[in-house]
> 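Below is the structure I would like to discuss, written out as structure tokens.
Excluded from the calculations below are hydrogen atoms, water molecules and symmetry mates; all remaining heavy atoms, backbone and side chain alike, are included.
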Amino acid sequence: MKNTMENIKLGIIICQRYHTCAGGKCFRSFRNGEGAFRMYKNADAEIAAYTTCGGCPGGNIEYAPEEMKKNGVTHVHFATGFLVGYPPCPYMEHFEKFITEKYGMKVIFGTHPIPQKYFLTHSKLNTWNTPFLQRAIAPTLVDVETRLRYD
């Protein structure tokens with residue numbers, strides 16, 4: 001990302017059901033400033049941590065943010081898989097409250113843009129029709145062309 005006066009270190013937490021994910025879409029979208037990473041266009045940002053939630057109900061959420069914070073992480077991103085898996089993670093609101101209150105870190109839902117195939121499925125199923133999920137998916141909503149590049 002670009003150099004400015006603000007230095008931001010990011011931690012990414014992925015859903016355990018995707019534990020074999022190598023992070024390609026997350027890293028590509030960070031490099032391209034797409035999806036939830038658009039917010040760092042004018043910041044000096046780097047990815048400093050990457051781990052899983054530990055599996056339902058998120059056992060690693062108690063411990064991983066502490067280690068991340070010790071290593072300078074200021075912003076925790078929950079990977080897009082938390083939003084597009086079926087069903088979306090039912091613990092996200094709890095995770096956000098816990099990390100924000102206990103560690104004082106900013107929590108962002110999403111990393112790479114929502115792929116078109118997931119956008120279409122969840123739109124038909126009305127999965128994201130709650131105020132929380134509408135807020136959670138907002139950083140990863142992009143145009144159709146970009147969504148197709150992440151299919």
> Begin from the C-alpha positions of M92 and L133 and carry the test side chain to side chain contact (heavy atoms under 4.5 Å, CB included) through to its verdict.
CA-CA 9 Å; M92 289 186 286; L133 286 172; 3.7 Å; yes
> Determine whether F30 and V107 fall in the same hydrophobic cluster, where Ile, Leu, Val, Met, Phe, Trp and Tyr are linked whenever their side-chain heavy atoms lie under 4.5 Å apart.
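In one cluster with F30: V107, no.
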> Rounded at 0.5 Å granularity, tell me how far CG in L10 sits from CD1 in I47.
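These two atoms lie 6.0 Å from each other.
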> List for me each residue that meets side-chain hydrogen bond (donor to acceptor under 3.5 Å, both in side chains) alongside D143, sequence neighbours excluded, and say none if there are none.
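Once residues adjacent in sequence are excluded, the partners of D143 under the side-chain hydrogen bond (donor to acceptor under 3.5 Å, both in side chains) criterion are T146.
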> Who passes side-chain hydrogen bond (donor to acceptor under 3.5 Å, both in side chains) against H77, sequence neighbours left out?
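H77 satisfies side-chain hydrogen bond (donor to acceptor under 3.5 Å, both in side chains) with Y40 only.
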> Specify the closest pair of heavy atoms between M68 and V76, including all atoms of both residues, with the distance to one decimal.
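Nearest heavy atoms, M68 then V76: SD-CG2, 4.2 Å.
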> Is the closest side-chain heavy-atom distance between T100 and M105 below 4.5 Å?
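The answer is no; the side chains never approach within 4.5 Å.
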> What's the separation between atom CD in Q116 and atom CZ in R149, rounded to the nearest 0.5 Å?
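Reported value, rounded in 0.5 Å steps: 12.0 Å.
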> Taking Y118's backbone N and O only, do any of them form a donor-acceptor pair with T121's side chain (distance below 3.5 Å, no angle check)?
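Side chain of T121 to backbone of Y118: no pair is present.
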> For residues 80-92, which residue pairs qualify under side-chain hydrogen bond (donor to acceptor under 3.5 Å, both in side chains), counting only residues two or more places apart or in two chains?
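For residues 80-92, and leaving out neighbouring residues, the side-chain hydrogen bond (donor to acceptor under 3.5 Å, both in side chains) pairs sorted by first residue read T80-T111.
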> Does K69 use its side chain to pair, donor to acceptor, with the backbone of Y103 at less than 3.5 Å?
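Pair found, side chain donor or acceptor close to backbone of Y103.
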> Between A43 and I8, what is the shortest heavy-atom contact and its length?
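Heavy atoms of A43 and I8 come nearest at CB-CD1, 3.9 Å.
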> Is W128 reaching over with its side chain to a backbone N or O of P88, donor-acceptor style, under 3.5 angstrom?
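Checking the backbone N and O of P88 against the side chain of W128, no donor-acceptor pair under 3.5 Å is found.
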> Which heavy atom in G110 sits nearest to a heavy atom in A36, and how many Å separate them?
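That closest heavy-atom pairing would be O-CB, 3.3 Å.
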> Can you name the residues that form a side-chain contact (heavy atoms from CB on, under 4.5 Å) with S123, not counting sequence neighbours?
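With sequence neighbours excluded, S123 shows a side-chain contact (heavy atoms from CB on, under 4.5 Å) to F119, given in chain and number order.
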> Taking all non-hydrogen atoms of both residues into account, name the closest pair between H94 and P90 and its distance.
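Of all heavy-atom pairs spanning H94 and P90, the closest is CD2-O, 4.2 Å.
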> Who passes side-chain hydrogen bond (donor to acceptor under 3.5 Å, both in side chains) against K97, sequence neighbours left out?
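With sequence neighbours excluded, K97 shows a side-chain hydrogen bond (donor to acceptor under 3.5 Å, both in side chains) to E101, given in chain and number order.
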> Among residues at least two apart in sequence or on other chains, which ones pass side-chain hydrogen bond (donor to acceptor under 3.5 Å, both in side chains) with R135?
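R135: side-chain hydrogen bond (donor to acceptor under 3.5 Å, both in side chains) contacts with E96.
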> Test of understanding: with side-chain contact (heavy atoms from CB on, under 4.5 Å), list the residues that count as partners of K102, not counting sequence neighbours.
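In terms of side-chain contact (heavy atoms from CB on, under 4.5 Å), with neighbours along the sequence ignored, K102 is linked to F98.
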> Kindly indicate, with the supporting measurements, whether the criterion side chain to side chain contact (heavy atoms under 4.5 Å, CB included) is fulfilled by I114 and L141.
CA-CA 6 Å; I114 293 173; L141 289 178; 4.0 Å; yes
> Quick test of your reading of the model: are R38 and E34 salt-bridged, counting only N-O distances below 4.0 Å?
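A salt bridge is absent here (no side-chain N lies under 4.0 Å from a carboxylate O).
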> Test side chain to side chain contact (heavy atoms under 4.5 Å, CB included) on R31 and F37 and set out the steps.
CA-CA 9 Å; R31 188 175 55 251; F37 298 125; over 6 Å; no
> Of all the heavy-atom pairs spanning A79 and I14, show the shortest one and how long it is.
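Nearest heavy atoms, A79 then I14: CB-CG2, 3.7 Å.
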> Considering non-hydrogen atoms only, spot the tightest contact between G58 and F95 and give its length.
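The pair with the smallest heavy-atom distance is CA-CZ, 3.7 Å.
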> Which pairs pass side-chain hydrogen bond (donor to acceptor under 3.5 Å, both in side chains) with one or both residues in residues 12-28, sequence neighbours excluded?
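Listed by first then second residue: Q16-T52.
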> When the ring centroid of F82 is compared with that of F109, is the distance short of 6.0 Å?
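No - the distance between ring centres of F82 and F109 does not fall below the 6.0 Å cut-off.
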> According to side-chain hydrogen bond (donor to acceptor under 3.5 Å, both in side chains), does anything in residues 56-68 pair up with another residue at least two apart or in another chain? List the pairs.
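Residue pairs with at least one partner in residues 56-68: T51-N60.
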> Between the main-chain N or O of V84 and the side-chain N or O of H122, is there a donor-acceptor pair closer than 3.5 Å?
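A pair under 3.5 Å: yes.
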> Does P113 reach the side chain of S29, with side-chain heavy atoms less than 4.5 Å apart?
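A side-chain contact exists here, since the closest heavy-atom pair is under 4.5 Å.
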> Please list, chain by chain and in numerical order, all residues satisfying side-chain contact (heavy atoms from CB on, under 4.5 Å) with A48, sequence neighbours excluded.
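K9, V73.
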> To the nearest 0.5 angstrom, please state how far the NE2 atom of H112 sits from the CD1 atom of I12.
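If I round to the nearest 0.5 Å, the distance is 9.5 Å.
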> Do F78 and F132 share a hydrophobic cluster, counting only Ile, Leu, Val, Met, Phe, Trp and Tyr and linking them when any side-chain heavy atoms are less than 4.5 Å apart?
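Cluster IDs for F78 and F132 match.
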> Under the salt bridge (charged side-chain N to carboxylate O under 4.0 Å, His left out) test, which residues partner R147, sequence neighbours left out?
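For R147 there are no salt bridge (charged side-chain N to carboxylate O under 4.0 Å, His left out) partners, ignoring immediate neighbours.
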> Does Y50 have any ring pair (Phe, Tyr, Trp, His ring centres under 6.0 Å) partners at least two apart in sequence or in another chain, and if so, which?
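Testing Y50 for ring pair (Phe, Tyr, Trp, His ring centres under 6.0 Å), a comparison that skips the adjacent residues, returns F27.
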